[in-house]
Amino acid sequence: MTEAARPPAVNPRHVVDVKVLEMLVCPLTKTRLTLSADRTELISVAAHLAFPIRDGVPMLSLDEAREIDPEDMGQHRE
């Protein structure tokens, strides 16, 4: 694999533990959150919100969340 094709190294301190993710809930609806496919956001299907994960820390503030178009929610359902 060439240097350009190699994915960037991820600092292990910036990876959220899966067991921690299972305990987190949406601050608005108190429903379960799901991890996005690219592992950069926690998705609240009920609230149609995506909460970013920065340096391994979930930002569960409504001010930090972005709205997800209801048409795009299908890819986030379990």
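None of the values given here were measured: they were computed from a predicted structure.
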Q) Shared ILVMFWY cluster between Leu60 and Val25, side chains joined below 4.5 angstrom? A) no
(Q) Would you compute the distance between atom CD of Glu41 and atom CZ of Arg54 and round it to the nearest 0.5 angstrom? (A) 10.0 Å
Q) Could you state the interatomic distance from CG (Leu24) to CD1 (Ile53), rounded to the nearest 0.5 Å? A) 9.0 Å
Q | Partners meeting side-chain hydrogen bond (donor to acceptor under 3.5 Å, both in side chains) with Asp38 (sequence neighbours left out) | A | Ser36, Thr40
Heavy-atom distance under 4.5 Å between the side chains of [X] and [Y], does that happen here?
| X | Y | result |
| --- | --- | --- |
| Ser44 | Leu28 | no |
| Leu42 | Leu35 | yes |
| Leu62 | Leu49 | yes |

Q. Of all heavy-atom pairs between Phe51 and Ala65, which one has the smallest distance, and what is that distance?
A. CE2-CB, 3.5 Å
